[in-house]
Amino acid sequence: MGMVALAAALGGCASSSSEIAPAYVSPVVYQSYTCQQLALEAQAISTRAATLSGAQDSQHTKDGWTTAAAVVIFWPAAFLVGGDKQTAAELAQMKGQMVAVEQASNAKKCGIQFQGKPPGT
């Protein structure tokens, strides 16, 4: 019974923010933006992504501690591990927007680049 709880707990853990891949966002959305508008959009997206990353990593840590407690102390606690799919989905969207803004910036030669880009970009 403990192994089933452990498997359920590990399967439901929130991913770390660095493990979340960007969702596809077409750079066409940003084609009509000027470099200044792209810069403002980049700043807004970056701020929101940082907030979401912090929330996601906090949930990831919390789930890790709950899983450890479930394994060591009390296996029913494993069912308290749930992750946060909504935050993860929104973070994936923000990462996708970062990629799209950067692609639009490159096309317009604006020079906008994000630090700590998502994997695979």
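All heavy atoms count here, side chains included; hydrogens, waters and symmetry mates do not. These numbers were taken from a predicted model, which means no experiment stands behind them.
Separation of atoms CD1 (Ile45) and CE (Met98) is listed at 7.5 Å; rounding is to 0.5 Å. The distance from the CD atom of Gln113 to the OG atom of Ser105 is 7.5 Å, given to the nearest 0.5 Å.
Residues that satisfy the side chain to side chain contact (heavy atoms under 4.5 Å, CB included) test with Ala23, not counting sequence neighbours, are Ala92, Gln93.
Heavy atoms only, all atoms of each residue included: Ala100 and Pro27 are closest at O-CB, 3.7 Å. Shown here for Ile112 and Cys35, the closest heavy-atom pair between the two residues is CD1-O, 4.0 Å. Counting all heavy atoms, side chain and backbone alike, Pro22 lies closest to Gly96 at CB-N, 3.6 Å. The shortest heavy-atom contact between Leu91 and Ala49 is CD1-O, 3.7 Å.
Using modelled atom types, no side-chain atom of Lys95 and backbone atom of Ala21 make a donor-acceptor pair closer than 3.5 Å.
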Validation: residues 36-44 side-chain donor-acceptor distances under 3.5 Å, sequence neighbours left out:
from, atom 1, to, atom 2, distance (Å)
Gln37, OE1, Thr34, N, 2.8
Gln37, OE1, Thr34, OG1, 3.4

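Sorted by first then second residue, the ring pair (Phe, Tyr, Trp, His ring centres under 6.0 Å) pairs that include residues 33-57, not counting sequence neighbours, are Tyr30-Tyr33. Pairs of residues two or more places apart, or lying in two chains, that qualify as salt bridge (charged side-chain N to carboxylate O under 4.0 Å, His left out) and include a residue from residues 42-51 are Arg48-Glu90.
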